[in-house]
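Take a look at the structure set out below.
All figures in this text were calculated on a predicted structure; none of them were measured in a lab.
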Amino acid sequence: MFWKNIVVPNEDEYTEFKKTTGELNEAMVSISSILNKHRKGKVYFGLKNDGKLVQFTITDSTLRDVSRKIFEAIRPQIIPTVTTNVIDGNEVIVVEFQGDDVPYSAFGKYYIRTADEDRELTPAELRKIMVGQEYAENWENKTSDATISDADDKTLERFYRDAVKCGRMPDYGYDKEAILRRLGVLNGDALTNAGRVLFSSRNPIVLKMAVFATEHKETFLDIVREEGNIFQLIDTAVGYIIKNIRCRVEMEGDGIHRKEIPEIPADTMREAVINSFVHARYDLPVQHEIDIFSDRISIVNPGSFANEFEPIDFVNRDIHSFLRNETIARVLYLCKDVETFGSGIRKIYSLCNTAGFEIKYENTDTDFKIEFSRIDRNKSPLSGHENGRINDHISDLEQAVLSCLREEPGMINAELIKKTGKSQRTITRVLASLKGKGLINRIGSNKTGYWQVK
């Protein structure tokens with residue numbers, strides 16, 4: 001029997017201590033719970049919970065008993081490494097194990113690791129893990145009803161150009177079939193499910209976008225439904241957000257040209273949108289959603305958060321990230337839409353902290369929502385502009401008119417009347433009110449000029 005002297009470890013989510021092999025059954029529970037949480041870990045026999053050593057007799061048959069118990073108790077079966085080592089002169093047994101076929105059971109029951117303790121999974125938690133694992137194993141690589149001829153050339157050419165430019169894909173020359181095969185999204189002449197949502201020209205995904213007058217889904221100022229593939233809808237979603245949020249204007253260094261800066265940085269929005277499309281579930285009829293409220297921007301992707309951890313855990317700790325759609329993530333990584341695997345949430349939080357606005361999330365069994373705060377002009381007094389006055393709150397109708405003018409600065413009164421369904425007198429009053437609050441300014445004549453929205 002060979003061993004080496006090692007330092008006393010700490011008991012944590014990856015590591016469990018047992019005093020002797022008299023606690024073999026308890027050790028099986030720990031192995032299953034650690035596998036279900038982290039896919040790998042260690043169990044030591046010969047240590048108390050506080051790390052103090054316990055002397056007991058270890059023979060070759062002791063090691064065989066440990067291996068046999070793991071073989072009998074853990075399902076699906078794993079092949080552990082069972083060895084002996086020495087800690088401060090005392091011999092201990094070290095069991096190292098790993099496996100990706102979650103969920104794992106011990107004696108027919110399923111457990112999850114929480115800190116240094118094991119708890120039995122609830123039926124809902126177990127169902128979530130099993131459904132997620134089945135999805136990961138089967139959906140992306142299954143053959144879809146789309147063929148290679150359905151792959152959108154414009155989308156694929158853009159992907160290939162970007163992937164080559166950033167150095168993540170060799171320049172083999174553009175060949176539609178060859179590229180799709182290298183990406184692993186072709187089964188024969190048919191696109192896989194992943195290839196279909198990434199590249200198909202047959203509009204495989206639905207995106208619903210809306211602007212609401214208040215913080216509730218009551219009065220909407222705009223609503224749009226778009227269809228397309230992932231690459232197309234990422235651009236559509238980001239463009240819609242930027243178009244419908246406020247921007248401040250700064251002068252360029254030459255003192256002549258103006259630069260519009262969105263209230264929430266475009267990089268943050270794009271990262272959140274990409275993250276949503278990467279981690280969504282696509283095996284059911286679903287739709288992505290962008291909701292712009294007066295006080296926040298909400299990005300909703302179908303499918304709950306694809307990890308047993310909370311999103312904030314990925315910000316504060318280096319944790320193994322379970323990718324619901326590994327092929328989709330890998331393709332977006334190649335063209336640099338995804339910078340590194342598992343870093344999306346951390347990057348979003350970092351960008352938000354730098355820009356100084358709040359972010360929150362909501363996770364349910366059916367979807368995952370991430371929201372970005374914005375100043376609510378319906379409730380918060382706003383600083384004026386040139387005259388330094390404090391603006392009053394604005395009404396839903398004023399919000400609607402602002403949205404129209406932001407979209408079409410050259411819109412005339414007659415068009416506003418038609419758009420809002422209000423009278424000439426009402427529109428004149430609203431425009432006067434918005435001008436008085438410093439939110440709009442008329443540039444040029446009534447006939448050929450335009451509205452400047454501040």
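- Using a 4.0 Å cut-off between charged side-chain N and carboxylate O, D189 and R181 make a salt bridge.
- Tested against K176, the residues D150, D152, D153 include a single salt bridge (Lys or Arg N to Asp or Glu O under 4.0 Å) partner, D153.
- Residues L156 and F231 are not in side-chain contact: their nearest non-hydrogen atoms beyond the backbone lie 4.5 Å or more apart.
- Because its NZ or CZ atom is both nearer than 6.0 Å to the ring centre of Y172 and within 45° of the ring axis, R182 counts as a cation-pi partner of that residue.
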Next item on the list: Would you please test V224 and D222 for side chain to side chain contact (heavy atoms under 4.5 Å, CB included) and show each step?
Entry: CA-CA 7 Å; V224 178; D222 186 52; 3.6 Å; yes
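- Side chain to side chain, S298 and D291 fail the donor-acceptor criterion of an N or O pair below 3.5 Å.
- Atom CD in E91 sits 9.5 Å away from atom OG1 in T57 (nearest 0.5 Å).
- Distance CG/L233 to CD1/I205: 6.0 Å, rounded to 0.5 Å.
- With hydrogens and angles disregarded, a donor-acceptor distance shorter than 3.5 Å links the side chain of Y104 to the backbone of D100.
- Contact of the F107 side chain with the I74 side chain is not registered, since no non-hydrogen atoms from C-beta on lie closer than 4.5 Å.
- The existence of a salt bridge linking R225 and E227 is confirmed by a sub-4.0 Å separation between a basic side-chain nitrogen and an acidic carboxylate oxygen.
- For Y174, the OH atom is densely surrounded, since the number of other residues' heavy atoms within 6.0 Å is greater than 12.
- The CD1 atom of I70 lies 4.0 Å from the CD1 atom of I31; values are rounded to the nearest 0.5 Å.
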Note to self: Applying side chain to side chain donor-acceptor pair (under 3.5 Å) to S33 and D118, what does each step give before you reach the verdict?
What the structure shows: CA-CA 6 Å; S33 71; D118 310 309; 2.5 Å; yes
Next item on the list: Tell me, with the steps shown, if V92 and T84 meet side chain to side chain contact (heavy atoms under 4.5 Å, CB included).
Entry: CA-CA 6 Å; V92 298; T84 56; over 6 Å; no
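- With respect to the salt-bridge test (charged N to carboxylate O, under 4.0 angstrom), the residues D283 and R281 qualify.
- Put simply, the side chain of S144 gets close to the backbone of L191: a donor and an acceptor are under 3.5 Å apart.
- Using a 4.5 Å cut-off on side-chain heavy atoms (C-beta onward), I328 and E140 make contact.
- D295 has no carboxylate O lying under 4.0 Å from a charged side-chain N of R374, or vice versa, which leaves the two without a salt bridge.
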Checklist line | Verdict with supporting geometry, N193 and V197, side chain to side chain contact (heavy atoms under 4.5 Å, CB included) | finding: CA-CA 6 Å; N193 283 330; V197 296; over 6 Å; no
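- L334 has its side chain out of reach of Y160: every pair of non-hydrogen atoms, C-beta onward, lies at least 4.5 Å apart.
- Between Y44 and F17, the ring planes lie perpendicular to each other; the angle is over 60°, past the 30° to 60° tilted range.
- Note that CG of D12 and CD1 of I34 are 8.0 Å apart. Values are rounded to the nearest 0.5 Å.
- Using a cut-off of 4.0 Å between Lys/Arg side-chain N and Asp/Glu carboxylate O, E289 and K217 are scored as salt-bridged.
- Between R68 and V66, every side-chain heavy-atom pair lies at or beyond the 4.5 Å cut-off.
- When K40, H38, R39 are each tested for a side chain to side chain donor-acceptor pair (under 3.5 Å) with Y14, only one passes: H38.
- A cation-pi arrangement is present between R168 and Y333, with the terminal nitrogen or guanidinium carbon under 6.0 Å from the aromatic centre and inside a 45° cone about the axis.
- Classification of the F277-H288 ring pair by plane angle, with boundaries at 30° and 60°, yields parallel.
- Classification of D235 and R270 as a salt-bridged pair holds, one side-chain N sitting under 4.0 Å from a carboxylate O.
- Between V54 and T20, some side-chain heavy-atom pair lies under the 4.5 Å cut-off.
- E13 and K37 are joined by a salt bridge, as a carboxylate oxygen and a charged side-chain nitrogen come within less than 4.0 angstrom of each other.
- A cation-pi arrangement is present between R296 and F293, with the terminal nitrogen or guanidinium carbon under 6.0 Å from the aromatic centre and inside a 45° cone about the axis.
- Closest non-hydrogen pair, S294 versus Q399, comes out as CB-NE2, 4.3 Å.
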Note to self: Please determine whether side chain to side chain donor-acceptor pair (under 3.5 Å) holds for the pair T62 and D65, giving the CA-CA distance in whole Å, both sets of side-chain angles, and the decisive distance to 0.1 Å.
What the structure shows: CA-CA 5 Å; T62 309; D65 289 343; 5.5 Å; no
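- A salt bridge links R196 with D145; the closest basic N to acidic carboxylate O contact falls under 4.0 Å.
- Side chains of F212 and L221 form no contact here, defined as non-hydrogen atoms less than 4.5 Å apart.
- In terms of heavy-atom proximity, G51 sits nearest to L47 at O-CD2, 3.4 Å.
- Put simply, the side chain of Q232 gets close to the backbone of N229: a donor and an acceptor are under 3.5 Å apart.
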Next item on the list: Decide side chain to side chain contact (heavy atoms under 4.5 Å, CB included) for Q287 and L207; before the verdict, give the C-alpha distance in whole Å, the side-chain angles of both, and the deciding distance to 0.1 Å.
Entry: CA-CA 6 Å; Q287 64 183 16; L207 171 64; over 6 Å; no
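- R113 and E16 are joined by a salt bridge, as a carboxylate oxygen and a charged side-chain nitrogen come within less than 4.0 angstrom of each other.
- When every heavy atom of S32 is checked against every heavy atom of S105, the shortest pair comes out as CB-C, 3.9 Å.
- Within 6.0 Å of CD on E26 lie more than 12 heavy atoms contributed by other residues, nucleotides or ligands.
- With N325 contributing its side chain and V278 its backbone, the two residues share a donor-acceptor pair below 3.5 Å.
- Taking 4.0 Å as the cut-off between side-chain N and carboxylate O, K165 and D162 do not count as a salt-bridged pair.
- Taking CD1 from I112 and CG from L121, the interatomic distance works out to 5.0 Å, rounded to the nearest 0.5 Å.
- The shortest heavy-atom contact between A237 and V273 is CB-CG1, 3.8 Å.
- Closest non-hydrogen pair, P80 versus V95, comes out as CB-CG1, 4.1 Å.
- Below 30°, between 30° and 60°, or above 60°: for F199 and F159 the angle between ring planes is above 60°, a perpendicular geometry.
- Atom CG of D337 is separated from atom CD1 of I274 by 4.0 Å, given to the nearest 0.5 angstrom.
- Shown here for C166 and K336, the closest heavy-atom pair between the two residues is CB-CD, 3.8 Å.
- Within 6.0 Å of the CD atom in Q98, the count of heavy atoms belonging to other residues, nucleotides or ligands does not exceed 12.
- When atom types are taken as modelled, the side chain of N244 and the backbone of Y240 share a donor-acceptor pair closer than 3.5 angstrom.
- By the 4.5 Å heavy-atom criterion applied to side chains, I297 and E371 are not counted as neighbours.
- Proximity of a side-chain donor or acceptor of E263 to a complementary backbone N or O of R246 within less than 3.5 Å is detected.
- Open room surrounds NZ on K42; 12 or fewer heavy atoms of other groups in view lie less than 6.0 Å from it.
- For N90 (side chain) and G46 (main-chain N/O), no donor-acceptor pair under 3.5 Å exists by modelled atom type.
- Here the side chain of T192 pairs a donor or acceptor atom with the backbone of G195 at under 3.5 angstrom.
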